[in-house]
2 protein chains.
Amino acid sequence: MARDPDQSASGGHAEAHRHAIDADAVQSRARAYATSKGIPFTAMRQRVLGLLAASGKPMAAYEIAEKLSDARRVQAVQVYRALEFLQEAGCVHRLASQSAYFACDHLHGSGEMVVFMVCSQCGAVQEAASDLVARGLRGVAKTTGFKPLHPIIELEGECADCTSEPVG
Amino acid sequence: MARDPDQSASGGHAEAHRHAIDADAVQSRARAYATSKGIPFTAMRQRVLGLLAASGKPMAAYEIAEKLSDARRVQAVQVYRALEFLQEAGCVHRLASQSAYFACDHLHGSGEMVVFMVCSQCGAVQEAASDLVARGLRGVAKTTGFKPLHPIIELEGECADCTSEPVG
DNA sequence: CATGGAATGTAATAATATAACAGGCGCCAT
DNA sequence: ATGGCGCCTGTTATATTATTACATTCCATG
């Protein structure tokens, strides 16, 4: 699949926002995780991760299955299995607000609290770790005696590109 | 939900996890919203809100439909329609991490960033607004030029009661 | 009373996710 | 090498969550 952002001058800017990630890096990370666990980085896992990395945007599981299907149809359940592995490996995250999955080419420390900023216009996702946010969250948790195990922090909104170049 | 942090963490918590909310208050708020919009606070809307308020915990839409069904079966779509109204009214929130809905008996300022703390054990939800979190989030957004419109901040973990009294 | 907008009731379907199970492939201990 | 064991795959089925479509009913208002 063409990874070229469609730069066509005037019309859609939507495809210009592809922040294709470093596919090699993320594949390496997945491979390393697999090795460390003594489990295989199988063809299906590579295909799913490769597609997500190339896309650079969140994709629904069924959309992934669709794109990976050729003569043989790839069933959603196979995609979910691959995604499970990839999420454990820290190479893919799930966006709860969209029920969609995207590749992430950098490692997160355990216990780190990462903010996902999802553009409603173009769908692009940016990640940022904020110490202030983390401290704030641990603070509110502490005052109520709550023990946070899995934070979900997603901002839906408009990215810089889409703000400056409104749709229409 | 957001009860005052309970100082006496030591008591029996048997049914103590039901943080039933102030049903009257939340119904009043819904009614006021309806009036302000010139739309009716219909029986179905009252029934859905009443059930959620009484439950004090997140419920799935189909679970609500189930509980509301008597001689006449309440269909999920009717519940979704009521939930749509109730969310607009600010009386019900959706938990993205659970695809579940819960009643909230206090008003949130617009632009406020509320943290939902969801206990994996007992399902109870506590809400807390944190200025530190809000500043942190606005900070990371600003550095990337992102304009946050709808924040989703959910902490999955263990509430104080369940931490002190593990399931058994 | 007529009428138009909103809510309801009902059926169908889309979209997301998991369960269950037979078979294959690789590893490695015997 | 070979037989067993664990993991992965392929396939079917089903559960769960959510929306679309449309005819009907309700009701405020002209």
Side-chain angles (χ1 to χ4, degrees), chain A residues 30-31 33-49 51-52 57-89 92-102 118 123 152 154 156, chain B residues 30-31 33-49 51-52 57-89 92-102 118 123 152 154 156:
Chain A
R31 191 178 306 279
Y33 174 82
T35 302
S36 82
K37 290 288 182 180
I39 57 182
F41 185 35
T42 63
M44 182 60 75
R45 289 164 181 176
Q46 293 177 38
R47 291 173 72 193
V48 170
L49 182 54
L51 179 58
L52 284 175
K57 285 188 186 177
M59 296 179 72
Y62 277 76
E63 194 185 349
I64 295 169
E66 185 68 27
K67 300 260 193 217
L68 290 183
S69 290
D70 42 33
R72 244 195 178 59
R73 173 128 203 110
V74 172
Q75 301 295 339
V77 65
Q78 303 175 262
V79 173
Y80 281 108
R81 290 198 281 230
L83 288 172
E84 187 178 20
F85 165 85
L86 295 167
Q87 288 177 265
E88 278 168 16
V92 163
H93 301 303
R94 177 176 190 270
L95 277 182
S97 58
Q98 324 258 308
S99 297
Y101 304 82
F102 68 99
V118 187
I152 296 176
E154 300 178 15
E156 296 184 294
Chain B
R31 192 178 306 279
Y33 174 82
T35 303
S36 81
K37 291 287 184 182
I39 58 183
F41 185 37
T42 63
M44 182 59 75
R45 288 163 182 175
Q46 294 176 39
R47 291 174 73 194
V48 170
L49 182 54
L51 178 58
L52 283 175
K57 285 188 185 178
M59 297 179 73
Y62 277 76
E63 193 185 350
I64 295 169
E66 185 68 27
K67 299 260 193 216
L68 291 184
S69 290
D70 41 35
R72 241 193 182 59
R73 172 130 203 106
V74 173
Q75 301 294 338
V77 65
Q78 304 174 262
V79 173
Y80 281 109
R81 289 197 282 230
L83 288 172
E84 186 178 20
F85 165 85
L86 295 168
Q87 288 177 266
E88 278 169 16
V92 164
H93 302 303
R94 177 177 188 270
L95 278 182
S97 59
Q98 326 258 310
S99 295
Y101 303 82
F102 67 98
V118 188
I152 296 174
E154 299 177 16
E156 296 184 294

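Both backbone and side-chain heavy atoms feed into the values below; hydrogens, waters and symmetry mates do not. In what follows, chains are A, B, ... by sequence order, proteins preceding strands, each numbered from 1.
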#### Entry: Distance in Å, B:Met44 CE paired with B:Leu68 CG, rounded so as to fall on 0.5 Å steps
6.5 Å
### Message
Would you compute the distance between atom CG of A:Leu83 and atom NE2 of A:His93 and round it to the nearest 0.5 angstrom?
### Response
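One gets 12.5 Å once the value is rounded to the nearest 0.5 Å.
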Send over the distance from [X] [atom1] to [N] [atom2], rounded to a whole Å.
X       : N      : atom1 : atom2 : result
B:Arg72 : C:dA11 : CZ    : P     : 11 Å
B:Glu63 : D:dT16 : CD    : C1'   : 12 Å
B:Arg73 : C:dA12 : CZ    : P     : 16 Å
B:Met44 : C:dT10 : CE    : P     : 10 Å
B:Phe41 : C:dA6  : CZ    : C1'   : 17 Å
B:Gln98 : C:dA17 : CD    : P     : 14 Å
B:Ile39 : C:dT8  : CD1   : P     : 10 Å
B:Gln87 : D:dA18 : CD    : P     : 10 Å

### Task
Go through A:Ile39 and A:Phe85 one step at a time and tell me if the side-chain contact (heavy atoms from CB on, under 4.5 Å) criterion holds.
CA-CA 10 Å; A:Ile39 57 182; A:Phe85 165 85; 3.7 Å; yes
Does a side-chain N or O from [X] land closer than 4.0 Å to OP1 or OP2 of [N], or not?
X       : N      : answer
A:Thr42 : D:dC7  : no
A:Ser99 : C:dA17 : yes
B:Arg45 : C:dA7  : yes

Using nucleotides 18-25 of chain C, report all nitrogen or oxygen pairs with the protein that are shorter than 3.5 Å.
none

### Candidate nucleotides D:dT11, D:dT17, C:dT10, ranked by approach to the side chain of B:Ala60 - the nearest
D:dT17
### Task
Among the candidates D:dT9, C:dA17, D:dT12, find the nucleotide nearest to the side-chain atoms of A:Gln75.
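Out of D:dT9, C:dA17, D:dT12, the nucleotide with an atom closest to A:Gln75's side chain is D:dT12.
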#### Entry: Heavy-atom side-chain contact between A:Tyr33 and A:Phe41 under 4.5 Å
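Side chain of A:Tyr33 against side chain of A:Phe41, heavy atoms only: no contact under 4.5 Å found.
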Show me the donor-acceptor pairs within less than 3.5 Å that the side chains of residues 94-102 of chain B make with the rest of the protein, sequence neighbours left out.
| unit_1 | atom_1 | unit_2 | atom_2 | d |
| --- | --- | --- | --- | --- |
| B:Arg94 | NE | B:Tyr101 | OH | 3.4 |
| B:Arg94 | NH2 | B:Ser99 | OG | 3.4 |
| B:Ser97 | OG | B:Glu154 | OE1 | 2.6 |
| B:Gln98 | NE2 | B:Glu156 | OE2 | 3.1 |

### Query
Does the distance from a Lys or Arg side-chain N to an Asp or Glu carboxylate O, for A:Arg73 and A:Glu66, drop under 4.0 Å?
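Salt bridge: yes.
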